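Here's the structure we're looking at; comments come further down.
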Amino acid sequence: MASPVRVRFAPSPTGHLHVGGARTALFNWLFARHHRGAFVLRIEDTDRSRSTDENIVAIVDALQWLGLDWDEGPPTPGYRQTERFAIYREHAQRLLASGRAYYCDCPPELLDRERGVAQQRGETFRYSGRCRDRGLGAGALRLRIPTAGATVVNDLIHGPVTFEHSQLDDWILVRTDGTPTYNFCVVVDDVTMSITHVIRGDDHLSNTPKQILCYEALDYAVPEFAHVSLILGKDRSRLSKRHGATSVQAFRDSGIPADALVNYLARLGWSHGDQEVFSRAELVELFDIKNVASSGAVFDATKLEWLSQLYLKTMDGARLAELAEPFVRAVGLTPPPDRPRFIAMLDTLRERAKTLVELVEQGRFYFERPAAYEAKAAQTLLTVEGARRLGLVIARLEGAPEFTVAAIERVFRALTEELGLKLVDLAQLARLAATGRTASPPIFDVLALVGREESLVRLRRAREAAERTA
RNA sequence: GACCCCGUCGUCUAGCCUGGCCCAGGACGCGACCCUUUCAAGGUCGAGAUCGCGGGUUCGAAUCCCGCCGGGGUCACCA
């Protein structure tokens, strides 16, 4: 039996969780859950100037919101690089003792000059190896890599990718000031955390051969690698803020259900035949890293919205109420204390909104009287004739034996018939009165949900408004 | 510039490994129609890809080979 799968997501807390990072996290999580392995969260905060605790909280929040739970990681200590310096130091010592690493005291100015020369000659800069055999006792610690041959990265998504050693150089493991570099930390962390599969962004593919050489120098087994393509913006360059909303936080705030975002992100680059909609369980069951596309994918907010609406439309009512409530409160309104009634209101709204923000916006009349009437509609509907019709509707509704959707509909249909009108003539009038707008959920449902008393208040107010303008 | 990755409808993709079932399928978006008390939702139909380009191999290529072009990523004592 193969050793248990262990993967990790290692964000750098220099900002909020980006959708690209979220997708990488998702693929790791799916891989771990599919293989019944462990998902580790590790914080790469060696860049102290840009890393903040607030960002760590934000990233943790975003991951939890997405439902990507980790088996190991914060708040348990030992999963932040800044807590692991002793481990890096120890590994550096080992490399030095075995002769696989050496000190270098080349001044930065010299390196810069050499870099400049290499650039002019149109070559990739490589450290000259000047200090390789000087046996220095201090300075920056460099990894001694083989001069000949090549290192092959057997990528699970890309297949074998070969890098000639002549293109690589003796890179720095530990800086002169004693701090370890990112590439070194990653190797040591992945090794000491027994990571079996490194699933990360494509932008790390070029670093991989250097890291593999470090594993080998340390005499550790090399993990499997899978480099996921980047998420692109409309112009096909790496998705960034200038392409619009990119943080998970922003999508949450705009009222997109976490399940919809997860579904969208999963489908962006990964596929299972023609299937577009997946439950969590299906995702876990069907996910296979081999079906992850190797090409970059443009982020399509419109398709995300389609999924968002689909989830709003189909999710459980109680769950929807739970998700919608904070959005109702966020605009200063209050959902009715009667939960089934609140859910019934949402049921009339859910297929009309792409996000929870939109849903609340379109349904605010359920929680407050319309403050104004749509100007154009008021002009054509709130007339003398409109006032007369509203009066008739009010009278019939007052006398109706009950105030159910069916009863209200009977009143409207009968009146329509008697007046020789079309249903739309009365419906739009009532709609404007009850909601202030010309577009809303079915008006009989709206009236029933708003209740007899409040409905009549709104109809009377509209009649008064009509009489005023007349 | 060097190295590496990528290249199927506007977008996400299936198909590519194991050539023919593909003059290329699905989804989003778009258009039309149907349904209809408005708006949505739903249903039906439709437009949309000479499979980046050019050579080869083959009876036959989106699928195999070569070259080119285009896009992206990486080249730090950043992460």
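The structure presented is a predicted model; accordingly, all values stated were derived computationally and were not measured. All values below were derived from every heavy atom in this structure, side-chain atoms included, with hydrogens, water molecules and symmetry-related copies excluded. Naming: A, B, ... by sequence-line order, numbering from 1 per chain.
- Using C1' as the reference atom, G29(B) and A49(B) are 16 Å apart when rounded to the nearest Å.
- Qualifying ring-ring contact (aromatic ring centres under 6.0 Å, His included) partners for F27(A), counting only residues two or more places apart in sequence or in other chains: F287(A).
- Side chain of D300(A), nearest nucleotide from G10(B), A79(B), G73(B): G10(B).
- For A76(B), one of the phosphate oxygens OP1 or OP2 lies less than 4.0 angstrom from a side-chain nitrogen or oxygen of R115(A).
- Side-chain atoms of D203(A) lie closest to U74(B) of the nucleotides G72(B), G29(B), U74(B).
- The nearest whole Å value for the distance from the CG atom in L359(A) to the C1' atom in C39(B) is 14 Å.
- Among the atoms of the strands shown, only primed sugar atoms or phosphate atoms (P, OP1, OP2) are found under 4.0 Å from some heavy atom of A297(A).
- Nucleotide G48(B): unpaired (no Watson-Crick or G-U wobble partner with both distances less than 3.5 Å).
- Within the nucleic acid shown, D112(A) has no heavy atom closer than 4.0 Å to any nucleic acid atom.
- Side-chain proximity of K313(A) to G42(B), G26(B), U38(B): nearest is G42(B).
- With both ends at atom C1', the span from G7(B) to G52(B) equals 6 Å, rounded to whole Å.
- Rounded to the nearest Å, the gap between the C1' atom of C28(B) and that of C4(B) is 32 Å.
- Neither side chain, S271(A) nor N291(A), offers a donor N or O lying under 3.5 Å from an acceptor on the other.
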Check nucleotides 14-17 of chain B for protein N or O atoms closer than 3.5 Å to its own N or O atoms and list the pairs.
| unit_1 | atom_1 | unit_2 | atom_2 | d |
| --- | --- | --- | --- | --- |
| A14(B) | OP1 | S271(A) | OG | 2.9 |

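- Two rings, from F9(A) and Y79(A), have their centers 6.0 Å or more apart.
- Side-chain N/O atoms of Y182(A) and N207(A) include no donor and acceptor closer than 3.5 Å.
- Residue R431(A) has its side chain nearest to U37(B) when only U37(B), A40(B), G42(B) are considered.
- Of all nucleotides listed (C4(B), U13(B), U38(B)), C4(B) comes nearest to the side chain of V161(A).
- Using Watson-Crick or G-U wobble geometry with both donor-acceptor distances under 3.5 Å, A27(B) finds its partner in U11(B).
- Atom C1' of C33(B) sits at a distance of 15 Å from the matching atom of A47(B), rounded to the whole Å.
- The CG atom of L392(A) sits 12.0 Å away from atom CG of L459(A), with the distance rounded to the nearest 0.5 Å.
- Annotation: side chain of F278(A) is in contact with side chain of R267(A) (closest heavy-atom distance under 4.5 Å).
- Nucleotides U11(B) and U63(B), compared at atom C1', are 24 Å apart to the nearest Å.
- The backbone N or O of E351(A) sits less than 3.5 Å from a side-chain atom of Q309(A), completing a donor-acceptor pair.
- Using a 4.0 Å heavy-atom distance criterion, S294(A) is classed as a sugar-phosphate-only contact.
- Within the shown strands, nothing qualifies as a pairing partner of C16(B) under the Watson-Crick or G-U definition with both distances less than 3.5 Å.
- Residue H227(A) has no polar side-chain atom (N or O) positioned under 4.0 Å from OP1 or OP2 of C5(B).
- Distance CG (L232(A)) to P (G10(B)): 16 Å, rounded to an integer number of Å.
- If G139(A) and I443(A) are placed on RNA chain B by their nearest nucleotide, the residue sitting closer to the 5' end is I443(A).
- Rounded to the nearest Å, the gap between the C1' atom of C17(B) and that of C64(B) is 11 Å.
- Spacing of C1' atoms, C51(B) relative to G43(B), comes out at 32 Å, to the nearest Å.
- Pairing for A2(B) is with U74(B), a Watson-Crick or G-U wobble pair whose two hydrogen-bonding atom distances lie under 3.5 Å.
- Proximity of V153(A) to I212(A): side-chain heavy atoms (C-beta onward) are separated by under 4.5 Å at one or more points.
- Within 4.0 Å (heavy atoms only), R413(A) reaches sugar-phosphate atoms of the nucleic acid but no base atom.
- Within the 4.0 Å cut-off from OP1 or OP2 of U74(B), at least one side-chain nitrogen or oxygen of R238(A) is found.
- Taking only side-chain atoms of F444(A), from C-beta outward, the nucleotide of G42(B), A79(B), U37(B) with the closest atom is U37(B).
- Residue contacts for L230(A): at a heavy-atom cut-off of 4.0 Å it reaches the sugar-phosphate backbone alone, with no base atom in range.
- Atom pair D425(A):CG and U36(B):C1' shows a separation of 15 Å (rounding to whole Å applied).
- Using a 4.0 Å heavy-atom cutoff across all strands shown, P108(A) reaches no nucleic acid atom at all.
- Within the nucleic acid shown, N207(A) comes within 4.0 Å of at least one base atom, counting heavy atoms only.
- Among the protein residues, E44(A) comes within range of the sugar-phosphate backbone only, with heavy atoms under 4.0 Å from sugar or phosphate atoms but none that close to a base.
- In terms of polar N and O atoms assigned as donor or acceptor, the side chain of Q120(A) never comes within less than 3.5 Å of the base of G1(B) in a complementary pairing.
- Considering only side-chain atoms of A427(A), the nucleotide from C6(B), U13(B), U37(B) that sits closest is U37(B).
- Straight-line distance between the P atoms of C9(B) and A14(B): roughly 13 Å, to the nearest whole Å.
- Across all strands, T179(A) comes closer than 4.0 Å to no nucleic acid atom at all (heavy-atom distances).
- Comparing T162(A) and Y182(A), the nucleotide of RNA chain B nearest to each residue sits closer to the 5' end for T162(A).
- Nucleic acid contact for K234(A): none, since no nucleic acid atom lies under 4.0 Å from a heavy atom of the residue.
- Residue contacts shown for L205(A) are limited to sugar-phosphate atoms, with no base heavy atom under 4.0 Å away.
- Put simply, R236(A) has no side-chain N or O that comes within less than 4.0 Å of OP1 or OP2 on C6(B).
- Base pairing analysis places U63(B) opposite nothing; no Watson-Crick or G-U wobble pair with both distances below 3.5 Å involves it.
- Cation-pi contact between R134(A) and Y102(A): absent, since separation from the ring centre below 6.0 Å together with deviation from the ring axis within 45° is not met.
- No engagement by C185(A) is indicated, since no non-hydrogen atom pair under 4.0 Å with the nucleic acid exists.
- Listed nucleotides: U74(B), A76(B), A27(B). Nearest to the side chain of K303(A): A27(B).
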Run the numbers on F299(A) and H243(A) for ring-ring contact (aromatic ring centres under 6.0 Å, His included), then give the verdict. CA-CA 9 Å; F299(A) 190 85; H243(A) 292 108; 10.0 Å; no
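- Distance from the side chain of T181(A) is smallest for A79(B) among the nucleotides U37(B), U13(B), A79(B).
- How far NE2 of H91(A) is from CG of L173(A): 12.0 Å, rounded to the nearest 0.5 Å.
- Taking atom CZ on F163(A) and atom P on A2(B), their separation rounds to 16 Å, with Å as the unit.
- Looking at T176(A), its side chain comes within 3.5 Å of the base of C77(B) through a donor and an acceptor atom.
- Aromatic ring centres of Y311(A) and W306(A) lie farther apart than the 6.0 Å criterion allows.
- When distances are taken from the side chain of H158(A) to each of C12(B), C6(B), A79(B), the shortest belongs to C6(B).
- Nucleotide C35(B) forms no Watson-Crick or G-U wobble pair with any nucleotide shown, as no partner meets the under 3.5 Å limit on both distances.
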